[in-house]
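Notes follow the structure.
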Amino acid sequence: MGTLGFSPHLRVEQVPGEAVYLVSERGVTALHGRTVFTLAPLLDGSRDLGRILADHAAREAAEHAAREAADHAAREAAEHAAREARAEAAAQAARVIARLCEAGLVCERGRHPRPEDAYWGLAGVTTGPVPAPVALPGAGRAEALRAAAVTPVALGRTNRDEAVQALRAAGLRVLDGDPPCQTGKGQRGDDHLTLVVCEDYLDPRLSELDARHRAAGRRWLPVKPVGTTAWIGPFLGAPDDPCWSCLADRLWRRRPAEAHLQRRLGREGPVPRPPASLAASRAAALQLAALEAAGWLAGHRRPGQRALCTLDTLTSALGHHAVSRRPQCASCGDPGLVAARIRAPLTPTPREGGAPPRSADSSPWRIMETYAHLISPVTGLVSEIRRDPRGPAFLNCFHARHPSYANIAAGGPSGPGAAPGLDAVRAGLRTAAHGKGMTAEQAQASALCEALEHYSGHFQGDEPRRRARYRDLGPEEAVHPDAVQLFDPRQFHDRSASARHRVCDPFDEEAEIDWTPVWSLTARRHRLLPTALLYYGTPQPPGRRYCRADSNGAAAGGSPADAVVRGFLELVERDAVALWWYNRTRQPALDLGARDDPWIAELRRVHAGLRREVWALDLTSDFGIPVVAAVSRRTDKPAEDITLGFGAHFDRHTALRHALAELNQMLPPVVEARADGGGYGATADPEALRWFRTATLANQPYLAPSGVAAPDAGALRPCPGDPLDAVVELVRGHGMELLALDQTRPDVGLPVAKVLVPGLRPHWARFAPGRLFHTPVALGRLAKPTPYQDLNPIPLFL
């Protein structure tokens, strides 16, 4: 039985008649009661539990006997009372010591504890087992630490001796040789740790090392002590934790240019860097890693041990970056998860009572709470979310910076989603998603969802594919891409006219390409579509681009059903926009003050303060779902800097709010524009600049209201009880097909759907025969179809 005392990190001070005070760097604890006053001098580390209880009982019995002798002359009665008092005092003392042990205030220790004992006491790591009746949580951890060992491994040009020195300074036993990767009889899997010192976490040798440790249930801790920013952790090797491949996937996605370079040079792994470090910076990183190792071996567990810690040696700033397991990881998960999900029928879970998705499912705070761990400049799918500094804060325009998901996929330079060339890498370095909303919280959540939606829609190599020719599949099994892309043959002859037209090569029905199944909600069966039409960055035949994936109909939601509905509403919105824009029809105005909406009133005041006027047009098409265009222009200079925003929803006022929020999102590039033609900042799109500088209400009259009153909102399609069922019936009623692809990624979890309705127009210039020509006539907007050559030559620049 060991000796007991107050924890080594505590200094004991007594104020007679008041309290026993325990002082440490974490504050002061006051203990009250007669028993504590008697026990305090005994808890100095010189007595075991039995001796403490005996000495305490003796003191209490002596005092009790003295009191009894004064009150009673009978000596025999006094001795009997003293025995009873001694027993009661011992029991009471044991109870008090047990409570002090449970609180971490008393532990097994010697009379003269060392500074390291006080350190582990502050960390909650106590010493050896304390026998009954005292139960001490965590007892024996220091013994476990003394019995544990660390094997340091140095890769590349790193110095193993420096790691050994740091580990020994932390009081750890260091083993030589290769790390043991088998758990022998009587051994625990957590009594040994491998510290791996490397120059780069993407060193391919770490893959095999991780596999061996995972197979044995052994943990290993990587550390990169070189460079101005050192990396420590996370602890790897547990079967249920992320593996090295999960971490490498995230790291490679942040280094697309390097992956491109290595691929061009035919090399694996990262590009070796010149050595860059100071002895002090290396020592700081290794000492911190040694402390992490010691804490883990001592049994100290915390969530941060699963994160990658960064140490900026120039500023001494620490950062923690979450590392998540990828359920579809080929090394530690099931690489068939995505294919299985897509091959299964898409049957979204019905909402309770058939009601629309509840707002809590996709509320801004819930989105940020659920997916914030994916935001990190080191391991995140999103680098950061930042407010656009241009213009008033009311605009609530946020940008989510993220790596170019199309440029690299799992596997580094040899990944299946490798970018085709340097131009794609350059474009990816400027990648960002944009968020909008009535509040800053809505806009931040919107930006995050859009970024994760982009990631989910990029080709990663685990999507189900079937290599075939369209001629062999036929229209019953496959959807012809022309029914979705809707290019007129004449557009193929002048593909250089505008990058915004996104014109591909004419589809070759004899070409062997990859096809992916999508679910037809109207026909309740699978159809095939070209994979390149569904996923960004899909490899295509050399020198050919038959299909181009785009964001049209891609949406995230609070549930799969919600995502499908949102994607469909976007299709309806963009179809309605195309009908209006390319035919240049005049549309009715909506009364912005009809609902006495305070947010809309404030928006109009903000725009007026920017010397702009705002109005809204009703673009609702034959689908009967309200679609709104919001328009804003400058009124104090020749260039009107006209901006637009669009929205669609079953409720027209909600559609109006969405359009106005998107209008705010479009303002930052022009909010500082000057009369001399400057002030457009870093806006790089030449077509957008040309529009801002030259388009006016006079030369683009279709932007102005028609003067005809918009139909009453009650005459529009009402908000249905079950949106998805209503959408399916609406599409079926128009003789069209509703197709949906579940693009949800297991490592994200955010429901994402790619929705397609062949025949509906995107907002880009797609001039094939069909709705673009006959629907405006059917709606009474035009007396006859607009001739091809008279369609609006300005591609919508949004």
Side-chain angles (χ1 to χ4, degrees), residues 149-168 170 172 174-182 192-216 218-238 241-252 254-255 258-259 261-262 265 267-293 296 305 308-311 313 321 323 331-332 378-379 411-414:
V150 182
T151 299
V153 174
L155 300 180
R157 294 165 292 184
T158 58
N159 190 319
R160 183 180 183 275
D161 292 340
E162 290 180 340
V164 170
Q165 183 179 0
L167 292 168
R168 287 177 174 162
L172 295 171
V174 178
L175 297 181
D176 292 326
D178 294 332
C181 283
Q182 289 186 355
H192 181 272
L193 182 70
T194 304
L195 181 73
V196 181
V197 188
C198 61
E199 296 176 277
D200 197 308
Y201 272 32
L202 290 174
D203 188 324
R205 288 173 289 186
L206 295 177
S207 176
E208 181 183 353
L209 185 147
D210 178 67
R212 288 190 286 113
H213 279 74
R214 286 177 60 81
R218 294 282 193 182
R219 306 299 187 272
W220 65 284
L221 178 68
V223 55
K224 179 186 79 70
V226 297
T228 59
T229 301
W231 289 10
I232 302 99
F235 286 87
L236 299 171
D241 282 351
C243 72
W244 175 83
S245 295
C246 296
L247 174 59
D249 175 87
R250 293 292 180 260
L251 299 180
W252 271 122
R254 311 212 66 81
R255 292 156 73 166
E258 182 177 345
L261 173 61
Q262 291 293 78
L265 295 174
R267 299 191 305 213
E268 295 290 329
V271 176
R273 271 71 165 171
S277 65
L278 300 175
S281 65
R282 295 194 305 274
L286 291 170
Q287 294 285 356
L288 185 57
L291 285 174
E292 287 287 324
W296 191 90
Q305 291 171 323
L308 191 159
C309 174
T310 56
L311 170 63
T313 60
H321 308 273
V323 179
S331 298
C332 69
V378 177
T379 60
S414 60

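Side chains are part of it too, since the values below use all heavy atoms of this structure and drop only hydrogens, waters and symmetry mates. What you are looking at is a predicted structure, and each value in this text was computed from that prediction instead of being measured. Residue numbers run from 1 in the order of the sequence given.
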Counting only heavy atoms not in Gln165 (residues, nucleotides, ligands), do more than 12 fall under 6.0 Å from its CD? no

Test side chain to side chain contact (heavy atoms under 4.5 Å, CB included) applied to Leu202 and Arg255, step by step: CA-CA 11 Å; Leu202 290 174; Arg255 292 156 73 166; 3.4 Å; yes

Please name the pair of heavy atoms, one in [X] and one in [Y], separated by the smallest distance, quoted to 0.1 Å.
X	Y	result
Val271	Leu261	CG2-CD2, 4.0 Å
Gly237	Asp210	N-OD1, 4.1 Å
Val226	Ser277	CA-CB, 4.1 Å
Leu206	Cys198	CD1-SG, 4.3 Å
Trp296	His192	CZ3-O, 4.5 Å
Pro152	Arg160	O-NE, 3.1 Å

Just do the side chain to side chain contact (heavy atoms under 4.5 Å, CB included) check on Leu221 and Thr194 with the steps written out, would you? CA-CA 6 Å; Leu221 178 68; Thr194 304; over 6 Å; no

Flag for Arg250-Thr379: side-chain donor and acceptor within less than 3.5 Å: no

Without hydrogens or angle criteria, can the side chains of Ser331 and Ser245 be said to hold a donor-acceptor pair below 3.5 Å? yes

Between Glu199 and Arg157, is there a salt bridge with N-O shorter than 4.0 Å? yes

Using a strict cut-off of less than 4.0 Å between a Lys/Arg side-chain nitrogen and an Asp/Glu carboxylate oxygen, indicate whether Asp203 and Lys224 qualify as a salt bridge. no

Between Thr310 (side chain only) and Trp231 (backbone N and O only), is there a donor and an acceptor less than 3.5 Å apart? no

So, Ser281 side chain and Leu278 main chain: donor-acceptor pair closer than 3.5 Å or not? yes

Full working for side chain to side chain contact (heavy atoms under 4.5 Å, CB included) between Leu195 and Leu167: CA-CA 9 Å; Leu195 181 73; Leu167 292 168; 4.0 Å; yes

